[in-house]
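Data first, discussion second: the structure below is written as structure tokens.
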4 protein chains.
Amino acid sequence: MVAGMQSRDTPPTRAGGRPRSTEADTAILEATRQALVDLGWTKLTLGDVATRAGVAKTTLYRRWAGKSELVVDAVAELFDELELPDRGSLAADIEGVVLQFAALLGRPETRTALMAVVAESTTDGPLRERIRTSIVERQKRLVLEGRERAQARGELPVESDPETAGRTADLIFDVTAGAVVHRALVSAEPVDVEWAHRFTTLLLGGLAATTTAP
Amino acid sequence: MVAGMQSRDTPPTRAGGRPRSTEADTAILEATRQALVDLGWTKLTLGDVATRAGVAKTTLYRRWAGKSELVVDAVAELFDELELPDRGSLAADIEGVVLQFAALLGRPETRTALMAVVAESTTDGPLRERIRTSIVERQKRLVLEGRERAQARGELPVESDPETAGRTADLIFDVTAGAVVHRALVSAEPVDVEWAHRFTTLLLGGLAATTTAP
Amino acid sequence: MVAGMQSRDTPPTRAGGRPRSTEADTAILEATRQALVDLGWTKLTLGDVATRAGVAKTTLYRRWAGKSELVVDAVAELFDELELPDRGSLAADIEGVVLQFAALLGRPETRTALMAVVAESTTDGPLRERIRTSIVERQKRLVLEGRERAQARGELPVESDPETAGRTADLIFDVTAGAVVHRALVSAEPVDVEWAHRFTTLLLGGLAATTTAP
Amino acid sequence: MVAGMQSRDTPPTRAGGRPRSTEADTAILEATRQALVDLGWTKLTLGDVATRAGVAKTTLYRRWAGKSELVVDAVAELFDELELPDRGSLAADIEGVVLQFAALLGRPETRTALMAVVAESTTDGPLRERIRTSIVERQKRLVLEGRERAQARGELPVESDPETAGRTADLIFDVTAGAVVHRALVSAEPVDVEWAHRFTTLLLGGLAATTTAP
DNA sequence: TCCTAAGCGAGACGGTACGTCTAGTCTTTAT
DNA sequence: ATAAAGACTAGACGTACCGTCTCGCTTAGGA
């Protein structure tokens, strides 16, 4: 789950009156994902989501500012399902997470929503921030966990300078996530075991070059 | 230029009737790019583009099936401006093209449009094909040119198996384009000389690893 | 007024939700009449009516199925202004109502609209019924009132057979309304006091012939 | 036939060049009538008529100013089919022509077109004149022929004052045509033998009253 | 025989209105 | 105060016709 997500626009004052239905929240996010599957991003409408969730449109607008915000929350929950399984070696761990990520991008709701909200975010600062907070930064944990595990195994040296370490982690994250997304959605080619292996070889080879030669 | 682009839906038979205005085509594509700058993808409307181009809405719909197709053609022209400058070494060439690509993604019309049409293409097969034809496949030339030039310089061995060569080129393309896009649009961090240098080191290091070790 | 007109498409069930604005109704019908005056039937557009009434197009379409239905309701209100003044004799009463009807047909909104909706109704059954209900049947009251008054004065015998009485009333109605409309709109000649007098003489003479001779 | 109709906009100067196709004229008018049957007045479009006639739209616009003019010409030909059969008595003649007229109004092309062009003519002077010339005035011949025949039979006295005679003929024309049209199209009731008989009785009775009493 | 002016089919053009759809807001009654 | 219902303003959608135009081609009569 998206714990401590503090998403949505929390009501400022806690006063009297009928409390918000928590079931509505769940129903709306689930309905949003189903609508993404059925209709795709463009044809998804908030009125339709409201109907599917058995909720009034006003209830929806009371909680989210618009389509983009709603969809970010709906798909963020899916990204949290990603995890880094311990397969015994760094290479195997990377291959595993690449394939997991590819599987996530294979689901129609993620596929259509992810690029769309990123596109929206290019002209919408707050949305960009929401995406960073809810999705991007949260998933960098995978890189960090992988590195720690590899260092524990002795597969990677411990980088002393924290700034260099951070920049390297960012680079790995952009290269990995970017390559998988580009392969899957732009080139529209399959991300299979063979490709994951080839990519991992490239990444690890490059990583060695970055750490040895300044 | 987008030579021989055979885009749009060309009238099948060349019979009688007033011929289509080529000036209209130019005006529409230019107006589309300007509208992308001013309004972004979501707020761009075909009616507005038509007005800007001094053209009737019907003229627009006669040539393009919808917003996505139009925008793909409009931005495809920009991608054709990319070129691979000869900077003397493979590393310098890669850095150069990475920075060029980053500059292209820095332009608001490309920034907002590219992700949007890719998002659309996830639920629209013909559009996906159009993107591949007009943008993706066309730009792979940069990878191929770079490799040939490096082989001529003796920086890279000549790969004998054409299939392996093709797969490697595809991998390089996805990794490079994907990393730049992810860095620029998803992570929303600058793609500057320093990052380009670090990325190039990673890529060349990885490339060496892929070619030496199967 | 068009009391109890039960026109428009009344919402079937009375449940929750914001009630329809009655002010909008009034404004729309008035705007329709004004648009008929300014533009005539053909150039009248529902978008323009909506603008004049200060109302969104959807509000208009929520209440009426199309241009014809709207215009029927708008002019039906005018027909209800007709009344049968007591001028002391049957002949004078008839002349009076003929001139009133002619004056109504002289108003541009009625002039242009009446024939147009009748023309539409020839290929539109529901519309034909609406015209009958809202206009034709309602105005037959003038014939019935005139007859009752004449019978009270002793100018006309009381017809015992209700069916014969009904057929005669229908005939009088068709002849009178038809003659005035044809004179005013088809022949495009004035319906003045002189013509009204001549027509009344013809009608009353014919009426005597119908009642005496079977 | 509509002989000497001098309708359409004849080319002013007779110079060289390819002459207009007379087959096109025939085909267009026939196509117009068929389109009226199939689509009714409102949904009839000039483009569709052109297609049906196997003719280019420009050919159509070269000859007629618009939809109304075209339709007037197309239906005027049908009105010329009316004639006054000699049935031996004035009453029988009137009943005959009333039923003929009713039959004409029963045809869908006439039914939908007649009221429509009259409606148009209320805001279009030249069109009104065209209708008068092509249809109204042409059919008054039926009244005049009927009177002459009745006078020859001795059923009607010869009116000495030509002005009075003219006004009476106009009145009869408006009353008859108006009553039939109103019965058939507005009241939407059948014009059958029984009605025609009742109407004729009324008309002849009234006629006697007008001629005897000033 | 060629010339030339108009007619012709085809179809693109700038416009305008259509009737529908969605966005977000507002107004009602019920909880 | 929140909920469901649904009416409200605003405006884009994609389509259909309008009446005009621009093509290349045909069809005559006059030179």
Side-chain angles (χ1 to χ4, degrees), chain A residues 11 13-21 24 42-48 50-51 53-67, chain B residues 11 13-21 23-24 42-48 50-51 53-67, chain C residues 11 13-21 23-24 42-48 50-51 54-63 65-67, chain D residues 11 13-21 24 43-51 53-67:
Chain A
T13 56
R14 189 68 207 97
R18 178 170 170 176
R20 288 191 179 173
S21 158
T42 304
K43 291 181 187 164
L44 177 149
T45 70
L46 294 196
D48 183 71
T51 305
V55 143
K57 241 193 328 173
T58 36
T59 301
L60 219 149
Y61 278 105
R62 206 173 287 121
R63 289 164 157 85
W64 286 276
K67 182 164 155 175
Chain B
T13 57
R14 185 64 205 99
R18 179 174 173 174
R20 291 192 178 170
S21 160
E23 300 172 20
T42 304
K43 292 182 187 164
L44 178 148
T45 71
L46 293 198
D48 181 72
T51 305
V55 142
K57 238 193 328 173
T58 41
T59 299
L60 222 146
Y61 278 105
R62 202 174 292 118
R63 290 167 159 81
W64 287 276
K67 183 164 153 175
Chain C
T13 57
R14 186 68 206 93
R18 177 172 172 175
R20 289 191 179 170
S21 160
E23 299 172 21
T42 305
K43 292 181 188 165
L44 178 149
T45 70
L46 294 197
D48 181 72
T51 305
V55 141
K57 241 193 326 174
T58 40
T59 298
L60 221 148
Y61 279 104
R62 200 175 292 119
R63 290 164 158 83
K67 184 164 154 173
Chain D
T13 57
R14 187 67 206 98
R18 177 173 173 177
R20 290 188 179 171
S21 159
K43 291 181 188 165
L44 178 149
T45 71
L46 293 197
D48 181 71
V49 169
T51 306
V55 141
K57 242 192 329 171
T58 37
T59 301
L60 220 149
Y61 279 104
R62 206 174 288 120
R63 290 163 158 86
W64 287 277
K67 182 165 156 175

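Each chain gets a letter, A, B and so on, in the order its sequence line appears, and its residues count up from 1. The basis for the numbers below is simple: all heavy atoms, side chains too, and nothing from hydrogens, waters or symmetry mates. Being a predicted model, the structure only gives us computed values, none of them experimental.
Rounded to whole angstrom, the span from the CZ atom of D:R20 across to the C1' atom of E:dA5 amounts to 14 Å. Between the NZ atom of C:K43 and the P atom of E:dG15 there is a distance of 18 Å, given to the nearest Å. Atom-to-atom, NZ of A:K67 to P of E:dA23 comes out at 6 Å; the value is rounded to the nearest Å. The CG-P distance, from D:L46 to F:dC18, rounds to 5 Å in whole Å. Rounded to an integer number of Å, the gap from C:R63 CZ to E:dT20 P is 16 Å. For the pair B:R62 CZ and F:dT22 C1', the interatomic distance rounds to 13 Å; values are reported in whole Å. F:dG14 atom C1' lies 16 Å from atom CH2 of B:W64, rounded to whole Å. In this structure, CG of C:L44 is placed 17 Å from P of E:dT16, rounded to the nearest angstrom.
Comparing C:K57 and B:A24 by the nucleotide of DNA chain E whose heavy atom lies nearest to each, the residue mapping closer to the 5' end is B:A24. When each of A:G54 and B:Y61 is assigned the nucleotide of DNA chain F bearing its nearest heavy atom, the one mapping closer to the 5' terminus is A:G54. Comparing C:T58 and B:A56, the nucleotide of DNA chain E nearest to each residue sits closer to the 5' end for B:A56.
Here the CZ-OG1 distance, from B:R63 to B:T59, works out to 6.0 Å after rounding to the nearest 0.5 Å. Taking CG from D:D48 and NZ from D:K57, the interatomic distance works out to 11.5 Å, rounded to the nearest 0.5 Å.
Contacts of C:G66 with the nucleic acid, taken as non-hydrogen atoms under 4.0 Å apart, are absent. Counting any heavy atom pair closer than 4.0 Å across all strands shown, C:S21 reaches sugar-phosphate atoms only and no base atom. At a threshold of 4.0 angstrom between heavy atoms, the contacts of C:T59 include nucleobase atoms, whether or not backbone atoms are also involved.
A:A24 and A:V55 make their closest contact through CB-CG2, 4.2 Å (heavy atoms, listed as atom of the first residue, atom of the second, distance).
Between D:Y61 and D:L46 there is a side-chain heavy-atom pair separated by less than 4.5 Å.
In the interface, the side chain of C:R18 is not paired with the base of F:dC8 through any donor and acceptor atom under 3.5 Å apart.
Judged by distance alone, the side chain of A:K67 and the main-chain N or O of A:L44 form a donor-acceptor pair under 3.5 Å.
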